[in-house]
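Position 1 is the first residue of the sequence; numbering continues from there.
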Amino acid sequence: MEMNCFNHRVFLLTLLLPIVVILVEGQGTRVGFYSTSCPKVESIVSSTVQSHFKSDPTIAPGLLRMHFHDCFVQGCDGSILIDGPNAEKTAPPNQLLRGYEVIDDAKTQLESVCPGVVSCADILALAARDSVVLTSGASWAVPTGRRDGTVSQSSDANNLPGFRDTVDVQKQKFADKGLNTQDLVTLVGGHTIGTAACQFFSYRLYNFTSTGADPSINPAFVSQLQALCPQNGDGSRRIGLDNGSANKFDTSFFSNLRDGKGILESDQRLWTDNSTKTFVQRFLGVRGLLGLTFNVEFGKSMVKMSNIGVKTGTAGEIRKVCSKVN
């Protein structure tokens, strides 16, 4: 009886094992996808990003933000890279994105070594990781195997997370992509590098309420920001999103939220809303709470985000030029 039961279990396991494998592979991406078809892909992308970073360090936050904006519209399929009068890159939230030339450069090099093999979507995912590493963040293994989308419409970018969004709206937009509240706080923490133009936050400094500035901003910080972004001044002037540490990938962004020095209204709200504040506190190592290591969690959340709506198998295509559909 026991032997028969054992054989039955083995038979069931034999039936189920292929299903498990199919489910895992069915997610579409995996670390080392190009290990035989284009083994130098990661080193080529990394050296390309590094080369551009040396001459312009602001390229790092640019590439990280571009990957984020790509994944939140049509999934992580490189559709943000496509040119056209009504393409995604022409939508208002995307008009200030930068770093396209880095992706084009890497693609040109890869096409000479492995023609028609590596997708633009994967190049962008790898470049985003390399950008974090170049700004003193920790590395993580990037699953690859995405294929490139063929549709890019500016109207699809209307639901990107915005700088005026409440925490509830932010949580819903992330939940719609399969990301939870911890992922939200972690990924917004990417604002530890990069800048924002005055036009996206100066409204918080003047006549925000009947008595003046946004009360969630540290009063001493208001005067600093007003000096940098005077009323009716140059709205395109850029200010570091992480006051005092805009070029280094670290946790000081969260310290600034705690101190009322968040630049964007949507960022500062992560401290004023209890559902997100607890994650900010955990990244800061507040006593009495289970700590979180930002570098570790950022990599995990980036992997989750980079798998949003990926096209694999026979879906999509491998573009020859990242800005043009084949």
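Between the side chain of Ser252 and the backbone N or O of Ser255 there is no donor-acceptor pair closer than 3.5 Å. The main-chain N or O of Ala138 is found under 3.5 Å from a side-chain atom of Asn295 such that the two form a donor-acceptor pair. A side-chain donor-acceptor contact under 3.5 Å links Asp148 to the backbone of Cys120. Side-chain N or O atoms of Arg282 include none that pairs as donor or acceptor with a backbone N or O of Gly291 at under 3.5 Å. When atom types are taken as modelled, the side chain of Ser51 and the backbone of Ser47 share no donor-acceptor pair closer than 3.5 angstrom. The backbone N or O of Gly262 sits nowhere less than 3.5 Å from a side-chain atom of Asp267 that would complete a donor-acceptor pair. At least one donor-acceptor pair under 3.5 Å links the side chain of Lys107 to the backbone N or O of Val118. Glu317 places no side-chain N or O within donor-acceptor distance of the main-chain N or O of Thr150, the cut-off being under 3.5 Å. A donor-acceptor contact shorter than 3.5 Å is absent between the side chain of Asp273 and the backbone of Val167. Arg98 contributes a side-chain N or O that, together with a main-chain N or O of Thr58, makes up a donor-acceptor pair within less than 3.5 Å.
Under a 4.5 Å side-chain heavy-atom cut-off, the cluster of Ile, Leu, Val, Met, Phe, Trp and Tyr residues that includes Val151 has no other member. Its side chain within the 4.5 Å cluster rule, Val325 clusters with Ile82 among the Ile, Leu, Val, Met, Phe, Trp and Tyr residues. Listed by chain and number, the hydrophobic cluster partners of Leu205 are Leu96, Phe163, Phe200, Phe201, Tyr203, Tyr206, Phe208, Ile217, Phe221, Val222, Leu225, Leu228, Ile239, Leu241, Ile263, Leu264, where partners are ILVMFWY side chains within reach of under 4.5 Å, directly or through others.
Between Ser119 and Tyr34 the shortest heavy-atom distance is N-OH, 3.3 Å. In this structure, Ile123 and Ala106 approach most closely via the heavy-atom pair CG2-CB, 3.9 Å. A pairwise comparison of heavy atoms in Ala125 and Val142 identifies CB-CG1, 4.1 Å as the closest pair. Listed here is the closest heavy atom pair of Asn94 and His69: OD1-ND1, 2.6 Å. In plain terms, the two heavy atoms of Arg269 and Arg164 that are nearest each other are NH1-O, 2.6 Å. Scanning all heavy atoms of the two residues, the minimum distance from Gly190 to Phe294 falls at N-CZ, 4.4 Å.
Contact check for Ser131 versus Val49: side-chain heavy atoms found under the 4.5 Å cut-off. Proximity of Thr144 to Thr29: side-chain heavy atoms (C-beta onward) are nowhere separated by under 4.5 Å. Under the 4.5 Å side-chain criterion, counting only non-hydrogen atoms from C-beta, Leu187 is in contact with Leu179. Using a 4.5 Å heavy-atom cutoff, the side chains of Val185 and Val280 are in contact. When side chains are defined from C-beta on, Phe53 counts as touching Thr135, because their heavy atoms get closer than 4.5 Å. Side-chain atoms of Met66 and Leu81, non-hydrogen and from C-beta on, do get closer than 4.5 Å to each other. At a threshold of 4.5 Å between non-hydrogen side-chain atoms, the residues Val41 and Cys114 do not count as touching. Side-chain contact between Pro143 and Val303: present, with at least one pair of heavy atoms (C-beta onward) separated by less than 4.5 Å.
Rounded to the nearest 0.5 Å, atoms NZ (Lys304) and NZ (Lys177) are 14.5 Å apart. Between the CG atom in Asn218 and the OG atom in Ser223 there is a gap of 9.0 Å [rounded to 0.5 Å]. Distance check, rounded to the nearest 0.5 Å: CG of Asp183 to OG1 of Thr186 gives 6.0 Å. The distance from the NZ atom of Lys320 to the OG1 atom of Thr108 is 14.0 Å, given to the nearest 0.5 Å. Distance check, rounded to the nearest 0.5 Å: OG1 of Thr181 to CG of Leu270 gives 10.0 Å. Note: Ile103 CD1 to Leu124 CG = 5.0 Å, rounded to the nearest 0.5 Å.
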task: Please lay out, stage by stage, how Gln74 and Asp156 fare under the test side chain to side chain donor-acceptor pair (under 3.5 Å).
output: CA-CA 8 Å; Gln74 297 279 349; Asp156 291 335; 2.9 Å; yes
message: What verdict does the side chain to side chain donor-acceptor pair (under 3.5 Å) test give for Asp214 and Ser216, after you've listed the backbone C-alpha separation in whole Å, the side-chain angles of each residue and the deciding distance to 0.1 Å?
response: CA-CA 5 Å; Asp214 182 343; Ser216 68; 2.9 Å; yes
- request: List the steps and the verdict of side chain to side chain contact (heavy atoms under 4.5 Å, CB included) for Val117 and Glu111.
  value: CA-CA 8 Å; Val117 173; Glu111 283 299 298; over 6 Å; no
field: Chi angles and distances behind the side chain to side chain donor-acceptor pair (under 3.5 Å) call for Arg146, Ser306
entry: CA-CA 9 Å; Arg146 300 164 192 78; Ser306 73; 3.0 Å; yes
task: Could you please spell out the steps behind the side chain to side chain contact (heavy atoms under 4.5 Å, CB included) verdict for Ser275 and Lys171?
output: CA-CA 10 Å; Ser275 66; Lys171 286 197 293 189; 3.0 Å; yes
Side chain to side chain donor-acceptor pair (under 3.5 Å) between Lys277 and Thr272, worked out: CA-CA 7 Å; Lys277 180 179 181 177; Thr272 56; over 6 Å; no
task: Test side chain to side chain contact (heavy atoms under 4.5 Å, CB included) on Met302 and Leu64 and set out the steps.
output: CA-CA 10 Å; Met302 282 293 285; Leu64 182 58; 3.6 Å; yes
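Within the structure, the salt bridge (charged side-chain N to carboxylate O under 4.0 Å, His left out) test picks out no pair touching residues 221-250 (sequence neighbours left out). Screening residues 65-83 for salt bridge (charged side-chain N to carboxylate O under 4.0 Å, His left out), with sequence neighbours left out, gives Asp77-Lys311, Asp83-Lys89. Listed by first then second residue, pairs satisfying salt bridge (charged side-chain N to carboxylate O under 4.0 Å, His left out) with a partner in residues 33-44 read Glu42-Arg129, not counting sequence neighbours.
Each of Asn159, Leu160, Ile80 was evaluated against Phe72; a single residue qualifies, Leu160, per the side-chain contact (heavy atoms from CB on, under 4.5 Å) test. Just one of Trp271, Phe298, Phe254, Phe253 meets the ring pair (Phe, Tyr, Trp, His ring centres under 6.0 Å) condition when paired with Phe283; it is Phe254.
Checking Asp130 against Gln50 by side-chain atom types alone, no donor-acceptor pair falls below 3.5 Å. Side chain to side chain, Thr48 and Gln109 meet the donor-acceptor criterion of an N or O pair below 3.5 Å. Inspection of the Ser79 and Glu88 side chains reveals an N or O donor paired with an N or O acceptor under 3.5 Å.
No more than 12 heavy-atom neighbours from other residues, nucleotides or ligands sit within 6.0 angstrom of CG on Asn247.
The existence of a salt bridge linking Lys173 and Asp168 is excluded, since no basic side-chain nitrogen approaches an acidic carboxylate oxygen closer than 4.0 Å.
Val188 and Leu284 fall within a single hydrophobic cluster, where Ile, Leu, Val, Met, Phe, Trp and Tyr are joined by side-chain heavy atoms under 4.5 Å apart, directly or via other members. Linking ILVMFWY side-chain heavy atoms closer than 4.5 Å, directly or via other members, places Val310 and Phe174 in two distinct hydrophobic clusters.
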